[in-house]
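Note sheet for the following structure.
Since the structure is predicted, the reported quantities are computational estimates derived from the model, not experimental observations. Numbers restart at 1 for each chain; the letters A, B, ... are given by sequence-line order, proteins then strands.
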Amino acid sequence: MGLSELGQCIEHYVAESSKYRLFPYISGDEKYSELDSIAEVISENTPTVRWEREVRVAGRVMALRIHGALAFADLVNEGYRIQLYLTKDALKESYDWFTDNVRRGDILWAKGKLFRTRRGELSINVSQYSLLAKSLIALQHTWIGIEDPELRYRKRYLDLVLNKESFEVLKARFNILKEIRLRMYQQGFYEADTPIIQPIYGGAAANPFKTFVNAFSEEWYLRIAPELYLKRLLVGGFNKVFEVAKVFRNEDIDVTHHPEFTMMEAYIAYANYEDMMELAEELIHSIAVKLVGSSIIRYPIDIEKCGRGVIDEMDDDVVAELLEYTLWSYSGFRKKQGVSKSDLDEFKKDPVGYLYKAVGEPRLYVELDLKPPYPKVKLLELLKEHLGIDPDTAPDEHLIKLLEEKQVVLKGGYSRDIALVKLFEHYIEKSLVKPVFVIDYPKGSSPLAKPHRADPRLVERFELFIGGMEIANGYTEQNNPYEQYIAFRDQEERRRLGDVEAQEADYDFVEALCVGMPPAGGIGIGVDRLIMLFTGKTSIKEVMPFPMVKKRFK
RNA sequence: GGGCCCGUAGCUCAGCCUGGUAGAGCGGCGGGCUUUUAACCCGUAGGUCCCGGGUUCAAAUCCCGGCGGGCCCGCCA
């Protein structure tokens, strides 16, 4: 909509509002507290909805079918739909007002008795109704919806009204956020709220958003992580803290990255990284059980990136079933077609080519069992297994050559530890489809983690991968102020050498450690990516309420 | 930063290759219709073909540049 169309919308309002009130105040039966939930009404026989009494509902009219002196309207509220049945016999002149004035998109209140139509559909025989809000813009039929991604992201409210799938995804998001908080509360965590505007940005490696604090005449930053403040709370005496934190990284947008995203960080005093792995797997499992009622989810995996290994280890009938599900899903769950033996053979011969042809991208739904415990694999062993690199003996030249093949540039100079992690990320990460903890990273890659109790060249760090995505990252936290000081110094040196994303040294944090931080475990969970897993979405924007789009009034 | 694709009515799209009157369905508006559910039937309005430039007698169509978007690669430890 351009400015001129907004003008038309306003003119439409002025013209229409002279006839009747388009946006009345509500009172009495129309109040939220007096309404029956459509979700409960359609589930029947609930304690609060009895057949013999009238129900009172409100929602948006999403379809109208007018047959002269009889009309049907689909009323939708929070994703649930019920049919209104209106007749001239019952409503007299207010029936004519309805057919003359009520349009798709309007928000309506109605009351009447439940009954079933000849076709058997549960409906409300409306005895009274009122218009609560007028839609001045003509809405689409939901079965066409809107598909243009730009329009869907810019006008998310339209997307949510018209595309049920989008509404359900956000509903899942909010339920997951709720479940995370509930689980953390149950386990005795305090939900902390630490500063979003910070004088020094720390706790991760990323470009910050800069801002200016007028009161101090100083340049500050939007946080890239809450880590260093949550750990200060451990110093201050809290044992279990977490924060569902919006964090901000001034970097590119792609299908798994967004400048503003949500991270759940949690810290436990007198714990280590093993405890944090347990926390992660149990949290994820409980979300699965709550949300899908099972520990098994289906997610569309990029076979081109992760390799055909996942397919080869499944039985043929499982592959056939998943392929059928994939085709069905990509058809918008409309046409369900069987997969014949020859289809399956063709698919197994060239899965990537087959998928490109059939669904346009090389993705196959696979089943992921989120039931703990998840296997733990040492990073260095993965490098041995996948790349044949012995971390103790492999010459640096060999590592550099492998990195060059993937066009990876190490900013801030070569570091063997960082090179090893980069190799893992570029050669192995995408193939980690089933839940797995990768553990024990080279020391130089993680300045905030505590050295490994058995091998000082490593740190006690883990990352959790599911569906080829990094979902969580945790450590046994560094609580030795001297070692933290040295690690920050090294980071500053890397910054000097051009690694703009090396961490900024936070010497006040070192001072906090000097006061004494108990040994602790910490974790950060990428909430948006977790939501992607549970909603089957392959783009982070799809699971964000209002993803960023360039400024433009359209 | 590099590559591929897209931008036409409110929405979903056809037309573009091969230049020659701006199209369909849905939606809107008007009329009809008492058990429909993608209701149906009749009628009707609706366009900066993303923007700018070029080629041409003639550009939605061909060429160049830009804007916006999607996907892939790189970067994001």
Test side chain to side chain donor-acceptor pair (under 3.5 Å) applied to A:D528 and A:K541, A:H257, A:R173, the passing residue
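Among A:K541, A:H257, A:R173, the one that satisfies the side chain to side chain donor-acceptor pair (under 3.5 Å) with A:D528 is A:R173.
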Flag the pair [X] and [Y] as a salt bridge only when some basic side-chain nitrogen lies within less than 4.0 angstrom of an acidic carboxylate oxygen.
X: A:D350; Y: A:K357; value: no
X: A:E405; Y: A:K401; value: yes
X: A:R156; Y: A:D159; value: yes
X: A:K231; Y: A:E265; value: no

Whole-Å distance between [N] [atom2] and [X] [atom1]?
X: A:E147; N: B:U8; atom1: CD; atom2: P; answer: 14 Å
X: A:L151; N: B:A9; atom1: CG; atom2: P; answer: 12 Å
X: A:L158; N: B:G10; atom1: CG; atom2: P; answer: 14 Å

Which whole number of Å gives the distance between the [atom1] atom of [N] and that of [M]?
N: B:A22; M: B:C16; atom1: P; value: 15 Å
N: B:C40; M: B:G66; atom1: C1'; value: 48 Å
N: B:G20; M: B:U36; atom1: C1'; value: 48 Å
N: B:C72; M: B:G47; atom1: C1'; value: 34 Å
N: B:C41; M: B:U18; atom1: P; value: 40 Å
N: B:A24; M: B:G70; atom1: P; value: 32 Å
N: B:C6; M: B:C42; atom1: C1'; value: 38 Å
N: B:A45; M: B:C64; atom1: P; value: 40 Å

Residues two or more places apart in sequence or in another chain: which of them pass salt bridge (Lys or Arg N to Asp or Glu O under 4.0 Å) with [X]?
X: A:D254; result: none
X: A:R249; result: none
X: A:K422; result: none
X: A:D417; result: none

Nucleotide forming a Watson-Crick or wobble pair with B:U44, both distances under 3.5 Å:
B:G28
Base versus backbone protein contacts along nucleotides 70-77 of chain B [heavy-atom cut-off under 4.0 Å; B, S, -]
SSSSBBBB
Between protein and nucleotides 27-37 of chain B, map the contacts as a letter string: B base, S sugar-phosphate only, - none, heavy atoms under 4.0 Å, written 5' to 3'.
SSSS--BBBBB
